[in-house]
2 protein chains.
Amino acid sequence: MTTGTVRKRRNRVVTRQSQDVRVADILKAAREIVAENGYEGVTVSEIAERAGIVEGTVYRYFKNKEELLLKVAEDWFVESFADLVDVSAISGTYNKLRYLIWHSLKTIKAGPAISRFIMTEVRPKPDYKETAVFDINRRYTAQIRNLFAEAIRSGEFSHDVPERLLRDMVFGTIEHSTWRFLRGEGDFDPAEIADEIAAVLYRGMSAKPPEDDKFSLLVDRLEKVADRLAQDAAGKS
Amino acid sequence: MTTGTVRKRRNRVVTRQSQDVRVADILKAAREIVAENGYEGVTVSEIAERAGIVEGTVYRYFKNKEELLLKVAEDWFVESFADLVDVSAISGTYNKLRYLIWHSLKTIKAGPAISRFIMTEVRPKPDYKETAVFDINRRYTAQIRNLFAEAIRSGEFSHDVPERLLRDMVFGTIEHSTWRFLRGEGDFDPAEIADEIAAVLYRGMSAKPPEDDKFSLLVDRLEKVADRLAQDAAGKS
DNA sequence: GGATCGTAATGAGGGCTATTCAACAATGCT
DNA sequence: AGCATTGTTGAATAGCCCTCATTACGATCC
């Protein structure tokens, strides 16, 4: 139309674009297709077509399909967690916990196709830890850890739990709770599920601890008593 | 070599086999390749080659690659859970729970490649519920549910939790606990992890803490103290 | 034990992929 | 205007799953 473009073959317009624009177009097209057809039905040719380019051009900007789809997932994940507030602004341990869980559930519900992609394709990859997804999960987990640490310090929670296990319980339960939905077998209410999960976790941490260390100390003292008594008895006779 | 076989082209032997034998050969080959290369690297041609047949023959016995791999996963899963004992034979709620969790972890550790396949490929499928995997998980979950119901009835557990949530917590935590391992980033000890998970779940549900082995040991020591005192007293008189 | 026939097995190729690359052409610079 | 740079093309490649017409095995019958 304007200068800088020319018709090629039949009604095809070739335009040179800046990297930023092209990359954005490709990512937008890819994300749309994933959202519509699921990540399994994505083809590079369809992405190219929707982005108004040819397959080969995709490979100027992305090493391969895998890297492209990973970028799609990362971008979406970053955006989805951009509005995550710092839970120090929320009052009450239970409310903090509930908010974090709710936010994850909300995110999954908002983007089921890409969520599935992340769970089934991104997380299993050996280089998952170099991923923006991992990074965000890390920061998210840090909030949970802090929340628990604080509650323990204040005496609200009485148990300590390895951070790893804490993370696995929270994420694991959240993810597993959404599989029915992700499989397309009905809906779920993030607020409701978040309430349930938070309640169980909260309760689990509030219970009173077994005071086994105290028992050990007491028995130690008893043993010393016994030893003294035994020695006394031996010296006497 | 013998009657019923003939050389074709160069040193190829064509033999007609019963369905059972062929299916078994194909499944065996497929399972081996999955175990060796992971499910992502599996090709029908490689399966055929290892089974001593040609690609086309595979499709006489399996509708498509997907169905074949599903069968591999199902068979493996069935075998893996064949030795699952009925937990009514195990004494103590905590021990039952711990056993069930441990068994799952053990299974995952024994077959990481197929476990990954089940988690990332089988479970997301729309027809997952028609799967033997689903069926076994159902029975497994039933044991957990019974265990909890019984503990609540006896007063050992004070809280009730929706079955769905219970299942999601147990499975979710188990699975998430193994992702590092499944990604090839190190090992894990099923017994240790099972202990941790069971402890948290148990504590979360129970009014009282679990009376683990430490108490037994402490009592042992107390008994020894008593013995010493008794012996001393006896020697004195 | 030879002919018959249902069917197991073949292997070539079709259709669809992702990916590469030499040639081309639009743009910015001088 | 000419040139270098580099975005874009489109055809070609290789590999995959899957189909199907053809081949020939081997059980059955006479």
Contacts of B/Thr43 and B/Lys63 projected onto DNA chain D by closest heavy atom; the upstream (5') one is B/Thr43
Whole-Å distance between [N] [atom2] and [X] [atom1]?
X: B/Arg60; N: D/dT19; atom1: CZ; atom2: P; result: 13 Å
X: A/Asn37; N: C/dT17; atom1: CG; atom2: P; result: 12 Å
X: B/Arg16; N: C/dA8; atom1: CZ; atom2: C1'; result: 4 Å
X: B/Gln19; N: C/dA8; atom1: CD; atom2: C1'; result: 9 Å
X: A/Tyr61; N: C/dT19; atom1: OH; atom2: P; result: 18 Å
X: A/Ile47; N: D/dT8; atom1: CD1; atom2: P; result: 16 Å
X: B/Ile26; N: C/dA8; atom1: CD1; atom2: P; result: 12 Å
X: B/Gln17; N: D/dA24; atom1: CD; atom2: C1'; result: 15 Å

Among the nucleotides C/dT19, C/dG11, D/dC18, whichever has the atom closest to the side chain of A/Asn64 is C/dT19
Taking D/dC17, C/dA9, C/dT10 as options, the one with an atom nearest any side-chain atom of B/Ile53 is C/dT10
Under 4.0 angstrom, heavy atoms only, what part of the nucleic acid is [X] near: base, sugar-phosphate, or nothing?
X: B/Phe62; value: nothing
X: A/Glu55; value: base
X: B/Val42; value: sugar-phosphate

I want to check one thing: is the phosphate of [N], taken as OP1 and OP2, less than 4.0 Å away from some side-chain N or O of [X]?
X: B/Tyr59; N: D/dC18; answer: yes
X: B/Thr57; N: C/dA8; answer: no
X: A/Arg22; N: D/dT8; answer: yes

Query raised in the report: Can a cation-pi geometry be assigned to A/Lys71 and A/Phe62, taking NZ or CZ under 6.0 Å from the six-membered ring centre and within 45° of the ring axis?
Result: no
- prompt: Is there a donor-acceptor pair under 3.5 Å between the side chain of B/Gln143 and the backbone N or O of B/Asp86?
  reply: no
Taken in chain and number order and not counting sequence neighbours, the residues that satisfy salt bridge (Lys or Arg N to Asp or Glu O under 4.0 Å) with A/Glu196 are B/Arg164
- Item | Presence of salt bridge, A/Lys125 and B/Glu40, under 4.0 angstrom | no
**Request:** For B/Tyr61 and B/Asp25, test the side chains for any donor-to-acceptor distance below 3.5 angstrom and give the result as yes or no.
**Result:** no
